[in-house]
2 protein chains.
Amino acid sequence: MPRRGRREEILAIACRLFSQKGYHGTTIRDISEACGILAGSLYAHINTKEDLLFEITDRGADAFLRSLTPIVESDVPARQKLKLAVRAHIQVVEANLEAATVFFHEWKALTGERFSQIQEKRDQYEGLWATILAEGVREGIFQLQDEKFARLLVLSVGNWIYQWYRPDGELSAEEIADRFVSLMLHGFAR
Amino acid sequence: MPRRGRREEILAIACRLFSQKGYHGTTIRDISEACGILAGSLYAHINTKEDLLFEITDRGADAFLRSLTPIVESDVPARQKLKLAVRAHIQVVEANLEAATVFFHEWKALTGERFSQIQEKRDQYEGLWATILAEGVREGIFQLQDEKFARLLVLSVGNWIYQWYRPDGELSAEEIADRFVSLMLHGFAR
DNA sequence: CCTACCGATCGGTAGG
DNA sequence: CCTACCGATCGGTAGG
């Protein structure tokens, strides 16, 4: 008989394994063994292996969207929005490091409709960042003869953070975010 | 009988498939079919599937190292080195887009000694970038109370370029590099 | 969630 | 490079 809460446990374990070995590099048996059950028993909880990948990446996408949307919609200057947005992004990565890794690194293994669904949410997320930068230009606080490149710079940082961010560092997620914003705004030339 | 030049063709095809579907998502039969031969026949040219991944990533690593090393060792100011380095990096990505994708995205599928070998070359490459930034600090042209963050910024951009760079854009690799350097040096705040 | 199993496919090999 | 094949493993299922 399926145990209560078992499904969440399976998701967490799949998330960890996908982040370590990749989706295609992880087998149903890797997951079931880490759960202490047999391969076939996993299917009392899920329908397909791809279900796991989809649920992990979809939750990841929602976490990023939920955290950024209210900031973009808020009534503060763009410069402040940028700062809050980078903070929020790093905090989501921090709170879901393994899920973020799967979200950024493995989502392309999805197929068909599910691939498109996640792609859409990713586009939506990138659109929110673009909105902040565009606002900053309208406000005259960002100089964007290079709007496209500024966007790529911001997204590069965001899409790469999960690769090096570890929660056991000296600095808080907030401090890291603030330094990055400062760097992006003013550069590191003297 | 093995055809001359066949091995290079196999490498190119494997490179394309790995970049599209990932290493574990690509089968020996995918590769052999794209070559127009049978699965077993592939083994007249290679010993294992992992050989292909290793050779692709190792060549990728060497291409990046070969292009950056003489710049770091040259006798020009750090600011100029940074500019030349970003240009060189983008040019390597441009000239080997699929190999760069495999190098940045699939290298962790390597195992054992080969994993370590590529990891070492990656560390070496990152070390060269760190050298340029450190020189800039010594010269007094980079302000690096945030040396670590400047490095992460530069590496983020470098590690993400293969995701969006397409050779059919309006701007040349050089122009793109120069805009990025300008952004990194001076930021996009007005 | 286990027992028992399935067809398909995997990476790879022997012999020519 | 083909023919012919291998053992292992894959994702997944039926029946309890």
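Here is how names work: the chains are called A, B, and so on, in the same order as the sequence lines, proteins then strands, and each is numbered from 1. What you see is a predicted model, and the numbers here were worked out from it, not measured in a lab.
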Taking only residues two or more places apart in sequence, or in another chain, which ones meet [X] in a side-chain contact (heavy atoms from CB on, under 4.5 Å)?
| X | answer |
| --- | --- |
| A/E139 | A/P77, A/A78, A/E135, A/I141 |
| A/D30 | A/L17, A/K21, A/T26, A/T27 |
| B/S172 | B/E174, B/E175 |
| B/S41 | B/I37, B/L38 |

Which residues pass the salt bridge (charged side-chain N to carboxylate O under 4.0 Å, His left out) test with B/K49, not counting sequence neighbours?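 Expected list: none.
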Non-neighbouring partners of A/R16 that pass salt bridge (charged side-chain N to carboxylate O under 4.0 Å, His left out), sequence neighbours left out: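 Partners of A/R16 by the salt bridge (charged side-chain N to carboxylate O under 4.0 Å, His left out) criterion come out as none, since no residue qualifies.
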Partners of [X] by side chain to side chain donor-acceptor pair (under 3.5 Å), sequence neighbours excluded?
| X | result |
| --- | --- |
| B/E9 | B/R3, B/R6 |
| A/Q80 | none |
| A/E106 | none |

Aromatic ring centroids of B/F104 and B/F64 under 6.0 Å?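 Yes - the distance between ring centres of B/F104 and B/F64 falls below the 6.0 Å cut-off.
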In this structure, how many angstroms lie between the P atom of D/dC1 and the CZ atom of B/R7, rounded?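 These atoms are roughly 13 Å apart.
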From CG of A/L42 over to P of C/dT3, roughly how many Å is that when rounded to an integer?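 Rounding to the nearest Å, CG of A/L42 and P of C/dT3 are 16 Å apart.
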Picking from D/dC1, C/dT3, C/dC1, which would you name as closest to the side chain of A/L38?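 My answer, after comparing the listed nucleotides, is C/dT3.
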Quick one, which residues of residues 51-58 of chain B touch DNA chain C with a heavy atom under 4.0 Å?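 Heavy-atom cutoff 4.0 Å gives no residues at all.
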Could you list the protein-to-nucleotides 7-11 of chain D atom pairs, N/O on both sides, closer than 3.5 Å?
residue : atom : partner : partner atom : Å
D/dG11  : OP1  : A/K49   : NZ           : 3.0
D/dG11  : OP2  : A/I28   : N            : 2.8
D/dG11  : N7   : A/R29   : NH1          : 2.9
D/dG11  : O6   : A/R29   : NH2          : 3.0

Closer to the 5' end of DNA chain D via nearest nucleotide, is it B/I10 or B/G40?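 Between the two, 5'-proximity favours B/I10.
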Pairing stems for DNA chain D [at least three consecutive pairs; Watson-Crick or G-U; under 3.5 angstrom]: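 Listed by first number, the stems are C:1-16 with D:1-16.
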